[in-house]
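One structure below.
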Amino acid sequence: MKKIWLGSSWKMNKTATEVAEFNQQIQNALSEVPQSLQTFLIPPFPYVQSVAESVTQHGTRVGVQNICWAEAGAFTGEISASMAKDIGASIVEIGHSERRAMFNETDHSVNKKVLASLNLGLTPLICVGDTFDEKQWDVSRESIVRQVKIALFDVSIDQIENVIIAYEPVWAIGENGIPASAIEAEEGLSAIKHALVTKYGAELANKIVLLYGGSVHPDNAQELIQQPSIDGLFVGRSAWEASGFAKLISLVKPYCESKEEQ
Ligand code: 13P
């Protein structure tokens with residue numbers, strides 16, 4: 001049975017003191033998470049280890065927000081997949097729109113990072129999304145399917161089950177984002193699903209976890225999680241405080257069983 005996924009990237013936020021507080025405050029909520037709900041947290045690099053030490057006992061997975069595609073060598077300032085693994089990460093977020101827009105992340109570099117993660121047994125969480133212009137031009141579908149296809153280039157059939165894809169419309173993310181409606185989120189993810197089914201067949205494609213992210217908050221989480229192509233939610237601002245993350249856990253929990261029946 002496919003689990004429901006709920007996780008948060010903290011982006012470049014929190015001090016060490018705030019992380020210690022979060023670690024303490026989230027314990028109760030995580031200890032009551034059912035097996036059918038897979039939670040995950042993606043802190044900034046310096047906090048990955050302490051978060052992993054605090055939450056993996058509850059089955060919560062921890063990730064990093066980026067890696068280098070190279071294994072080791074003269075790449076000043078970069079962090080490799082094996083270093084991420086060494087500090088307790090099992091997920092690597094790749095290709096977030098903020099990295100694509102501000103740090104020269106390209107479809108090609110996303111693909112190289114996906115392959116580097118998979119080769120070490122890490123789970124790549126690949127972010128794809130359409131821009132506001134692409135939405136206006138009615139090419140959202142083409143744009144996100146293209147990003148997915150390039151990200152998965154050369155990924156073997158054996159590895160594909162270990163991939164997570166998050167549809168995060170660029171226009172829906174962050175302070176100035178316009179939250180996607182459940183219909184828009186479903187449209188994006190069903191386009192991705194369709195492309196995956198075409199490439200890998202239905203059985204394998206159905207094993208790939210599909211997330212929605214972009215202005216998820218307590219008021220829209222339940223409607224989003226009920227969409228047929230949405231396996232989980234990838235949250236920013238609304239889950240940064242432990243109380244916010246705990247609230248979202250309690251909101252999606254009731255849907256774990258009904259999703260299992262699908
Ligand atoms: P917000 O939930 O703050 O819009 O951020 C979403 C996001 O970028 C998750 O990766």
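None of these values were measured; they are calculated from a predicted model. Order of listing sets the numbers, starting from 1, for every ligand and every atom in it. Quick note: residue numbers are just sequence positions, from 1.
At least one heavy atom of S215 sits closer than 4.0 Å to an atom of ligand 1. The closest approach between a heavy atom of E175 and any atom of ligand 1 is not below 4.0 Å.
Considering every non-hydrogen atom in both K113 and C68, the closest pair reads CG-C, 4.5 Å.
The N/O atoms of G174, backbone and side chain alike, include one that comes under 3.5 Å of an N/O atom in ligand 1. Any N or O atom pair closer than 3.5 Å counts here, and E98 shares no such pair with ligand 1. Not one N or O of I173 is nearer than 3.5 Å to an N or O of ligand 1, by distance alone. Considering backbone and side-chain atoms together, H96 places an N or O closer than 3.5 Å to an N or O of ligand 1. Geometrically, ligand 1 and R237 share a nitrogen or oxygen pair separated by less than 3.5 Å.
Grouping the Ile, Leu, Val, Met, Phe, Trp and Tyr side chains by contacts below 4.5 angstrom, directly or via other members, places Y200 with I126.
The side-chain hydrogen bond (donor to acceptor under 3.5 Å, both in side chains) test with S143 is passed by exactly one of R146, Q147, R141: Q147. Partner of V163 under the side-chain contact (heavy atoms from CB on, under 4.5 Å) criterion, chosen from T123, V209, L118: L118.
Taking the ring centroids of Y47 and W10, they lie at or beyond the 6.0 Å cut-off.
For atom 7 (C) of ligand 1, the nearest protein heavy atom (residue, atom name, distance) is K11 NZ, 3.5 Å. Of all protein heavy atoms, the one closest to atom 9 (C) of ligand 1 is E168 OE2, 3.1 Å.
Sorted by first then second residue, the ring pair (Phe, Tyr, Trp, His ring centres under 6.0 Å) pairs that include residues 72-94, not counting sequence neighbours, are W69-F75.
Listed by atom number, the atoms of ligand 1 under 4.0 Å from G236 heavy atoms are 1 (P), 2 (O), 3 (O), 5 (O), 6 (C).
When non-hydrogen atoms are compared, ligand 1 lies under 4.0 Å from neither the backbone nor the side chain of H217.
Between D130 and K135 there is no salt bridge, since no side-chain N of the basic residue sits under 4.0 Å from a carboxylate O of the acidic one.
Residues passing the side-chain hydrogen bond (donor to acceptor under 3.5 Å, both in side chains) test with E187: none are found, sequence neighbours excluded.
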